[in-house]
Amino acid sequence: MRTSGVVAPEITVHGTLLEKVKSQRKLLVVHTTLKFSCLIAKYFKAEIAEKAPQDAIPFEVNGVRVYVKFRAVGAKFCSKDIGFQEFEFPLKEPERFFPKWIRVNADLSGEFGYA
């Protein structure tokens, strides 16, 4: 993903999680995925990691390195009988779809959004 046009999102990480990541001397990785199918869905995953995944964009929150990995995927079918076959969804301007805000809770759950 091109990162030149990415505007830094407002990232909020629960204080307990920030302290945990700092004390372990690790980093926080946030995976944000938009899925284009019959509807548009958002998927969120966060993890404490030793190193950043490839193509993740680095940010800093209160002294903790937070890496955001954004993906867009599509699904070939919209039927429960057939299931969903995901594929990488090409975006001409991926930076336009990058989240505007990200919230990570103490239990590594969270969400992201655009308004």
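Scope of the values below: all heavy atoms of this structure, side chains included, with no hydrogens, waters or symmetry mates. From a predicted model like this one, the values you see are computed outputs, not experimental measurements.
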Subject >> Distance-minimising heavy-atom pair for Ile11 and Val13 >> reply: CG2-CG2, 3.9 Å

**OP:** Kindly write out the residues that satisfy ring-ring contact (aromatic ring centres under 6.0 Å, His included) with Phe36, not counting sequence neighbours, or none if the list is empty.
**Re:** Phe89

Original post:
Looking at Pro9 and Trp101, what are the two nearest heavy atoms and their distance?
Top reply: CB-N, 4.1 Å

Original post:
Considering only heavy atoms from C-beta outward, does the side chain of Phe70 approach that of Ile57 to under 4.5 Å?
Top reply: no

Original post:
Which heavy atom of Lys69 sits nearest a heavy atom of Gln54, and at what distance?
Top reply: NZ-O, 2.8 Å

Original post:
Are side-chain heavy atoms of Val64 and Phe59 found at a separation under 4.5 Å?
Top reply: no

**OP:** Name all pairs fulfilling the salt bridge (charged side-chain N to carboxylate O under 4.0 Å, His left out) condition that reach into residues 8-22, sequence neighbours left out, sorted by first residue then second.
**Re:** Glu19-Lys22

**OP:** Applying side-chain contact (heavy atoms from CB on, under 4.5 Å) between Ile102 and each of Thr12, Val66, Val30, report the one that passes.
**Re:** Val30

Original post:
Would a 4.5 Å heavy-atom cut-off, applied to side chains only, mark Asn105 and Leu17 as touching?
Top reply: no

Original post:
Which pair of non-hydrogen atoms, one from Arg71 and one from Val73, has the smallest distance, and what is that distance?
Top reply: NH2-CG1, 3.0 Å

Original post:
For residues 98-109, which residue pairs qualify under salt bridge (charged side-chain N to carboxylate O under 4.0 Å, His left out), counting only residues two or more places apart or in two chains?
Top reply: Arg103-Glu111

Show which side-chain atoms of residues 40-52 pair as donor or acceptor with protein atoms under 3.5 Å away, not counting sequence neighbours.
residue	atom	partner	partner atom	Å
Lys42	NZ	Phe112	O	2.6
Glu47	OE2	His31	NE2	2.8
Glu50	OE2	Lys26	NZ	3.2

Original post:
How would you list, by chain and number, every residue that makes a side-chain hydrogen bond (donor to acceptor under 3.5 Å, both in side chains) with Asn62, sequence neighbours excluded?
Top reply: none

**OP:** Among Ile, Leu, Val, Met, Phe, Trp and Tyr joined by side-chain contacts under 4.5 Å, find the other residues sharing a cluster with Val29 and list them by chain and number.
**Re:** Leu27, Tyr67

